[in-house]
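Inspection log for the structure reproduced underneath, given as structure tokens.
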Amino acid sequence: METLLKTPTGIGGLDEITNGGFPKGRPVLICGSAGCGKTLFAAQFLVKGITDYNEPGVFMSFEETAKDLTQNFESLGFDFEKLKAEKKLQIDHVHIERSEIEETGEYDLEGIFIRLNYAIDSIGAKRVVLDTIESLFSGMQNMALLRSEIRRLFTWLKEKGVTTVITGERGENSLTRQGLEEYVSDCVILLDFRVIEQIATRRLRIVKFRGSTHGTNEYPFLIGENGISVLPVTSLMLDYKSPTEIISTGLPGLDNLFSTGGIYRASSTLITGNAGTSKTILASHFAMSSCKRNEPTLFFSFEESPEQLVRNMATIGIDFEQAIKSKLLHIQASRPSLQGLELHLMVLNKLLDELKPRTVIIDPISSLITIGNTNEVRAMLVRLMDTLKKKQINALFTSLTYDGQSEYNNSTVDAVSSLADTWIDLKNEARNNERARSLLIVKSRGMGHSNNQHDFLITGKGFQFTSSNKK
Amino acid sequence: MKKPTMDELNVEDKLVLTLYISGMSQKSMEAIENLKWMCDKYLKDSFDLEIIDIYKNPKLASEQHIVFSPSLLKRYPLPKKTLVGTLSDTKKVLKSLGITIDK
């Protein structure tokens, strides 16, 4: 049986969903409403094709001029001028002045064929973008003729052996206004842009992919500083490495509660507790232990500004300032509602690439729940944890639980606890007119741990177990 | 089609035309025939025609923004017009070229 050859798409995450990319040498239709990122999608396919896979490309634009395109994509780091100079890219702007056109009989689109052929052959192009060919239809009377010509064009491109991305504007009752999906039978991808609860999300779905298995879900995608990346929710496999190295939590007293004397490297830890149960302090100790090992640490703070965190921790003897100065600690503070979930994830991914931290702390992860529904948050957390695991990063998340609400019945905890390797619950109780703080290890995968509730105090030196209370 | 059979024509100025064709395709040939017939009948010598085969000059197709074939470009007098197709609609062609036929 002939297997379908694939061409890498150059779009992060999409190759994973499509099992290797677009069908090689065939047309692919990208459709969606205005502003959904079609042109960018197409441009990235072309540019990455050149820079990453050494496949020269032709961009035939029916809307924007070469100059506009060059300017628009400059900010994303796509250097059209340079690629053009290197003879790897050809841009052809198809400009039609409607007011000057008169139809006087039958015609064909040989002009387009010849221009494409010339452009393809002049640089040995393997990839072609037609953006948006449906513009040809506007103002023309003989639709039937145009349709058959476009069909002929697609067939010709296939014979030519170039992988073509064709963009199309979403129609009212069909995927594209002119029903291009009827002619592109190999691969159709739908982009969608929605605003749910004031937060904009972009989605991608593979509508059709003949002769290939593909993910059928709707996948969120982002337009970031480096272009589009698709975030597969469920396609990541559970195949990361599991180191046996043990690291400290930053508190010898806590380390001793684990049979291994610490937690596994690259594992994820969840700290739950009501307001004021010292979750951030525990997280800060964890951060400091990472800095002490000389490992870059990234601290995501959704509630406190970096200055406030530094000041507050200094009062209990945790010297964040020094750690920041020595560039081991980076505190990233932002309001959860400032951006959509996906954007948070993207900022995180970007920082992961830039700072290459060995430890990541998110304080608190429950803040994120305020900006999305449970399913979305869960999906994002799964992706986040998978990313961290893949990169072998120690992760620690704190999560706020509320009075009266059991930690076993909290949506964020629900989402995270099953993914976390270690789960520590912090409590505040009134005992004998005193507020008693205590810590309980709910679970810790792959190691024995104390089953007791351990009391502790917050002192000028930070977190201290009151050994007398040890049962 | 019934061709106009008027005696006199008013051609304001000399027409500058370029006909872009794609090789020996049937549509290209038809366009040439129709154009020749019209020029002979209505324009006599008051026109300047160049015929360009875009197969032989693919670069020109892009430079001149040729999309449809055949395409007849009226460069002068202004306004510029692009007549696409086989030029079989004589009335429309004459009108687009700015040729008025007096009674």
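Every chain is numbered from 1, with letters handed out A, B, ... down the list of sequences. Treat the numbers as computed from the prediction; the structure is a model and nothing was measured.
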Original post:
Within a reach of under 6.0 Å around NZ of B:Lys27, are more than 12 heavy atoms found that belong to other residues, nucleotides or ligands?
Top reply: yes

Original post:
For the atom pair CG (B:Leu87) and CD (A:Glu106), what is the distance rounded to the nearest 0.5 Å?
Top reply: 12.5 Å

Subject >> Heavy-atom proximity to chain B below 4.5 Å, by part of A:Ser99 >> reply: backbone

Subject >> Among B:His65, B:Lys59, B:Glu63, the one residue meeting side-chain contact (heavy atoms from CB on, under 4.5 Å) with A:Arg115 >> reply: B:His65

**OP:** For B:Thr86 and A:Gly105, work out which heavy atoms get closest and say how close.
**Re:** OG1-CA, 3.5 Å

Original post:
Which residue out of A:Glu97, A:His95, A:Glu110 racks up the most heavy-atom pairs below 4.5 Å with chain B?
Top reply: A:Glu110

Subject >> Contact class of A:Asp108 relative to chain B, heavy atoms under 4.5 angstrom >> reply: both

Subject >> A:Glu103 backbone acceptor or donor facing B:Lys92 side chain under 3.5 Å >> reply: yes

Subject >> Interatomic spacing from CG in B:Asn57 to OH in A:Tyr118 - rounded to 0.5 Å >> reply: 10.0 Å

Subject >> Which of B:Ser62, B:Ala61, B:Pro58 touches chain A most, by non-hydrogen pairs under 4.5 Å >> reply: B:Ser62

Original post:
Hey, which of B:Leu72, B:Leu60, B:Thr82 has the most heavy atom pairs under 4.5 Å with chain A?
Top reply: B:Thr82

Original post:
With a 4.5 angstrom heavy-atom cut-off, which part of B:Lys80 approaches chain A: side chain, backbone, both or neither?
Top reply: both

**OP:** Begin with the C-alpha distance, continue with both residues' side-chain angles, and end with the deciding distance and a verdict on side-chain contact (heavy atoms from CB on, under 4.5 Å) for B:Val84 and A:Thr104.
**Re:** CA-CA 6 Å; B:Val84 304; A:Thr104 66; 6.0 Å; no

Original post:
For A:Leu116, is it the side chain, the backbone, both or neither that has a heavy atom under 4.5 Å from a heavy atom of chain B?
Top reply: neither

**OP:** Decide if atom CD of B:Glu33 counts as having more than 12 heavy atoms of other residues, nucleotides or ligands within a radius under 6.0 Å.
**Re:** no

Original post:
Contact part of A:Met140 toward chain B, heavy-atom cut-off under 4.5 Å: side chain, backbone, both or neither?
Top reply: side chain

**OP:** For residues A:Gly111 and B:Ser69, report the shortest heavy-atom separation together with the two atoms involved.
**Re:** N-CB, 4.3 Å

Original post:
Which distance, rounded to the nearest 0.5 Å, do you find between the OG of B:Ser71 and the CD1 of A:Ile101?
Top reply: 6.5 Å

**OP:** Before giving the answer on side-chain contact (heavy atoms from CB on, under 4.5 Å), spell out for B:Phe68 and A:Ile112 the whole-Å C-alpha distance, their side-chain angles and the decisive distance to 0.1 Å.
**Re:** CA-CA 7 Å; B:Phe68 309 102; A:Ile112 296 283; over 6 Å; no

**OP:** Counting only heavy atoms closer than 4.5 Å, note whether A:Ile96 contacts chain B via side chain, backbone, both or neither.
**Re:** side chain

Original post:
Is the number of heavy atoms from other residues, nucleotides or ligands under 6.0 Å of B:Met24 CE greater than 12?
Top reply: no

